[in-house]
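Computed over heavy atoms, backbone and side chain alike; hydrogens, waters and symmetry mates excluded. Numbering starts at 1 and runs along the sequence shown.
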Amino acid sequence: DTEAFLMKNAKVKLCLQASPMNGDLLLEDCNPESDFQDWSWQGDSLMNHSTQSCLSVVGANRVQTSLCGSLGYTSWDCLNLLLSPVGSSQGYLVANRKGVALDKVRGLKAQWQDVADRSVCKEKAEQDRYFPAALASTHMYDDTAGNATLTLGVDPEELEELLWFFRREDSSTWNYSVLALSFMAMILGLLLLAINIVRNRKRKIHMYSEVETMQQAELEAKQALMPVQEYSPAKPGEQELVPQDQRPGEVVVQWKDGTVTSLYTERSQDAM
């Protein structure tokens, strides 16, 4: 059996009490001596020690006690330290003027504590700590005494991993953290993509500017050579080879020093 505890509402400072006559639930002054105010976790159910009945949901939002094996039995889970029916979105167990009911409001009305002002969800967490240890444990028998002793068959590190695996806490914080990390990773990826695009663009612009500079320098060099070619003196081969006073049939020769002489001058004169 698990240890019993009181269920005191953090808002009204009254304790949840089961009715001895029917399944109604009352909010009374806390009395640790009253068995009708003693509750304990039995798996996922909250059982009253006096009536041996479990906290159940009837109808839309009504809460009462009924036999733990009846159709009205409802399992309970802790979401952000608030009691909520398992597999239902009806809300949380809250205190109101009529007693207790299910409502979607949060705050002190939906928080239930023991006499030490510790959440009853922490009581459930302590109970769940021993569940994986029971799964991993083995029974060993003493031949001399003949009694079975319960020993753990796992290392402390493996036990911690099992406790993490079988945790029953709300995973909303973890989900929001993963979502925030995913968003930050997406922003970082977009930033790196933008930086890469800008660098590639600058590299292409720099490459094109170098090509244009080389083409411009080549063009200027060609333009610088064009006046020399246009105004250069005529080549010796392009100069006029025939003097103006040359007679028909006369053969002349232009030497390297620029002088021009006539061949067969004397022979032609003798012939005449």
Side-chain angles (χ1 to χ4, degrees), residues 9-11 41 43-44 46 57 60-61 74-95 101-114 116-136 152-224:
N9 187 265
K11 177 66 176 179
W41 284 103
D44 291 334
L46 280 166
V57 177
N61 58 357
T74 302
S75 299
W76 295 84
D77 200 359
C78 291
L79 301 176
N80 294 327
L81 300 181
L82 304 179
L83 290 175
S84 176
V86 174
S88 175
S89 60
Q90 294 175 314
Y92 308 98
L93 182 66
V94 299
L102 290 182
D103 202 333
K104 293 186 177 181
V105 299
R106 300 187 180 186
L108 295 179
K109 289 184 177 181
Q111 296 182 12
W112 297 91
Q113 304 170 342
D114 57 10
D117 294 335
R118 187 176 60 171
S119 175
V120 296
C121 291
K122 294 183 178 180
E123 299 281 351
K124 187 175 187 299
E126 289 184 358
Q127 171 189 300
D128 293 340
R129 288 182 58 186
Y130 299 99
F131 179 68
L135 289 178
L152 295 178
V154 294
D155 295 334
E157 296 180 356
E158 296 180 358
L159 182 60
E160 291 294 333
E161 294 179 359
L162 290 174
L163 292 176
W164 172 257
F165 179 80
F166 286 99
R167 73 190 189 280
R168 300 298 302 272
E169 300 176 357
D170 183 24
S171 60
S172 300
T173 304
W174 172 256
N175 293 336
Y176 291 145
S177 300
V178 173
L179 181 62
L181 291 175
S182 301
F183 181 75
M184 293 176 61
M186 183 185 68
I187 296 298
L188 181 59
L190 293 176
L191 180 62
L192 294 177
L193 178 61
I195 293 175
N196 191 20
I197 291 175
V198 172
R199 288 185 176 179
N200 288 338
R201 185 173 299 175
K202 290 182 178 180
R203 182 174 57 84
K204 290 181 179 179
I205 293 175
H206 181 68
M207 182 177 63
Y208 292 153
S209 62
E210 288 183 352
V211 173
E212 291 179 357
T213 303
M214 293 176 61
Q215 292 178 351
Q216 184 68 23
E218 185 178 357
L219 180 60
E220 291 178 355
K222 290 181 178 180
Q223 291 179 352

Which atoms form the tightest heavy-atom contact between [X] and [Y], and what is the distance?
| X | Y | value |
| --- | --- | --- |
| K124 | C78 | CD-SG, 4.3 Å |
| W112 | L93 | NE1-O, 2.8 Å |
| A110 | V94 | CB-CG1, 3.5 Å |
| N9 | L108 | OD1-O, 3.7 Å |
| P85 | L102 | CG-CD1, 3.8 Å |

Can any side-chain N or O of [X] pair as donor or acceptor with the backbone N or O of [Y] at less than 3.5 Å?
| X | Y | answer |
| --- | --- | --- |
| N196 | L192 | no |
| D77 | S84 | no |
| W76 | W41 | no |
| N80 | L82 | no |

Check the surroundings of atom CE in M207: do more than 12 heavy atoms from other residues, nucleotides or ligands lie under 6.0 Å from it? yes

For the CE atom on M214, are there more than 12 heavy atoms of other groups (residues, nucleotides or ligands in this structure) within a distance under 6.0 Å? no

I'd like to check L46 versus V120 (side-chain heavy atoms, cut-off strictly below 4.5 Å). Are they in contact? no

Separation of E218 CD from Q216 CD (nearest 0.5 Å): 10.5 Å

Output for pair (L81 CG, Q113 CD), nearest 0.5 Å, gives 10.0 Å

Take L193 and I197 through the side chain to side chain contact (heavy atoms under 4.5 Å, CB included) test and state the conclusion after the steps. CA-CA 6 Å; L193 178 61; I197 291 175; 4.1 Å; yes

Candidate pair Q223 and L219, rule side chain to side chain contact (heavy atoms under 4.5 Å, CB included), full reasoning: CA-CA 6 Å; Q223 291 179 352; L219 180 60; 3.8 Å; yes

I need the single residue from K202, K204, E210 that forms a side-chain hydrogen bond (donor to acceptor under 3.5 Å, both in side chains) with H206. Which is it? E210

